[in-house]
Amino acid sequence: MAVTNQEKYVNQGEKIAQQGDDAWKTGAYDTAKNRYGEAVDFFHAQGDVWGEAQVLVRWGELALSLEDFDLAHKLFSSAIELVENEPDAETVLADACIKTAKVYIAQYELDKALAYVKKAENVLDRGGSPILLGDAYDQEAYIYLLNGEDDKALSAYKKAADVFAKDRIGLKEASVLRAMARLAMKEKDYDKAHDWLENCRALYRENGDILGEASALSAIGSLRFIIGDIENARKALMKSVYLYGKVEHHFAEAEALLYLARVEASDAQQGDFARAKTHYKKSIELYDFLQNNVMKNAVLDEYNSFLKRENIA
């Protein structure tokens with residue numbers, strides 16, 4: 001909120017808005033809306049356009065999460081109108097523009113969404129949060145992906161990665177690198193994909209994100225398998241399985257075990273059929289534990305097909 005000498009009223013307005021945040025977290029949506037409305041009225045009465053705009057954006061995010069797109073758009077538009085001509089309001093303005101783009105994305109109005117993202121980027125070029133600039137490029141890339149323009153998406157992702165790398169925002173950079181790797185794999189540019197995934201993994205590891213590192217390792221293993229590098233595919237997937245197990249993310253662990261089973265079952269010389277059986281069984285057991293019968297039966301069918309194909313008892 002705006003920094004003023006009247007600290008008491010600023011704190012009171014933020015206190016009301018925080019009550020809205022707390023209510024949202026507990027699913028008390030009507031209470032959250034009421035608190036946000038009270039906070040907006042409070043800041044409006046004090047002439048604090050920054051405080052008012054920030055609460056409008058938070059209220060709009062709640063509306064967007066509830067798929068009340070008309071209300072979300074109205075709230076974001078009100079925030080934009082409040083700060084569009086205010087000095088040093090780039091971050092608040094850009095945030096409202098990015099959130100407006102998300103409303104249009106949800107309604108699949110991609111041209112309008114892109115226009116608001118571009119507006120946010122132009123605003124942030126003048127100043128404001130570098131994190132938000134990276135988010136804007138990330139959102140731009142997503143719009144291009146939805147529109148089937150992979151080249152433009154990759155270009156926007158690279159801009160996002162550069163911003164996050166410059167400001168040492170490791171987890172966001174890792175997420176973008178993962179998205180870039182997916183596009184490279186789609187184009188069969190496996191060298192680039194591998195480099196980006198390795199950088200992605202390193203960033204997750206540096207930031208202590210075990211799930212992120214496990215996910216990157218799973219992707220590396222899948223990539224190595226695609227190019228026939230069984231040994232390194234095995235190593236990456238085994239590390240992935242271990243990390244998923246460590247944090248008890250059983251669904252992802254079951255999926256990684258399935259990939260590992262496929263690696264071992266793919267080649268009689270480089271693979272290991274005994275290990276394949278073990279990995280298939282463990283994957284089936286985990287899906288059974290999770291009561292995911294669809295995946296359990298799918299893996300069971302694949303396992304039985306493997307046994308019949310290789311005449312394994």
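This is a predicted model, so every value here is computed, not measured.
- The ring pair (Phe, Tyr, Trp, His ring centres under 6.0 Å) test applied to Phe289 returns His250, not counting sequence neighbours.
- A search for salt bridge (charged side-chain N to carboxylate O under 4.0 Å, His left out) contacts involving Glu109 returns Lys112, not counting sequence neighbours.
- Partners of Ala94 according to the side chain to side chain contact (heavy atoms under 4.5 Å, CB included) rule, which considers only residues two or more places apart in sequence or in another chain, are Ala120, Val123, Leu124, Leu132.
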message: Would Lys235 and Glu231 count as a salt bridge (charged side-chain N to carboxylate O under 4.0 Å, His left out) here? Give the steps.
response: CA-CA 6 Å; Lys235 288 179 181 178; Glu231 182 179 354; 3.5 Å; yes
Tabulate below the donor-acceptor pairs under 3.5 Å that side-chain atoms of residues 238-247 make, not counting sequence neighbours, or state none.
from	atom 1	to	atom 2	distance (Å)
Ser240	OG	Ala214	O	2.9
Tyr244	OH	Ser215	N	3.3

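- Between Lys102 and Glu61 there is no salt bridge, since no side-chain nitrogen of the basic residue lies less than 4.0 Å from a carboxylate oxygen of the acidic one.
- In terms of modelled atom types and a separation under 3.5 Å, the side chain of Ser129 and the main chain of Thr91 share no donor-acceptor contact.
- When the side chain to side chain donor-acceptor pair (under 3.5 Å) test is applied to Glu38, the partners found at least two apart in sequence or on another chain are Arg35.
- Aromatic ring centroids of Phe225 and Tyr259 lie 6.0 Å or more apart.
- In terms of the ring pair (Phe, Tyr, Trp, His ring centres under 6.0 Å) criterion, residue partners of Tyr104 (sequence neighbours excluded) are, by chain and number, His73, Tyr116.
- For Tyr287, the ring pair (Phe, Tyr, Trp, His ring centres under 6.0 Å) partners are Phe251, not counting sequence neighbours.
- Listed by first and then second residue, the ring-ring contact (aromatic ring centres under 6.0 Å, His included) pairs that reach into residues 119-155 come to none, sequence neighbours excluded.
- A donor and an acceptor atom, one from each side chain of Asp22 and Gln18, are located under 3.5 Å apart.
- Applying the side-chain hydrogen bond (donor to acceptor under 3.5 Å, both in side chains) definition to pairs two or more places apart or across chains, those involving residues 180-193 are Asp150-Lys186.
- Residues satisfying the side chain to side chain donor-acceptor pair (under 3.5 Å) criterion with Asp267, sequence neighbours excluded, are absent altogether.
- When the ring pair (Phe, Tyr, Trp, His ring centres under 6.0 Å) test is applied to Phe76, no partner is found at least two apart in sequence or on another chain.
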Under 3.5 Å, which donor-acceptor pairs do the side chains of residues 193-212 form with other protein atoms, sequence neighbours left out?
from	atom 1	to	atom 2	distance (Å)
Asn199	ND2	Asp195	O	3.4
Arg201	NE	Glu213	OE2	3.4
Asn207	ND2	Leu203	O	2.8
Asp209	OD1	Leu211	N	3.3
Asp209	OD1	Gly212	N	2.7

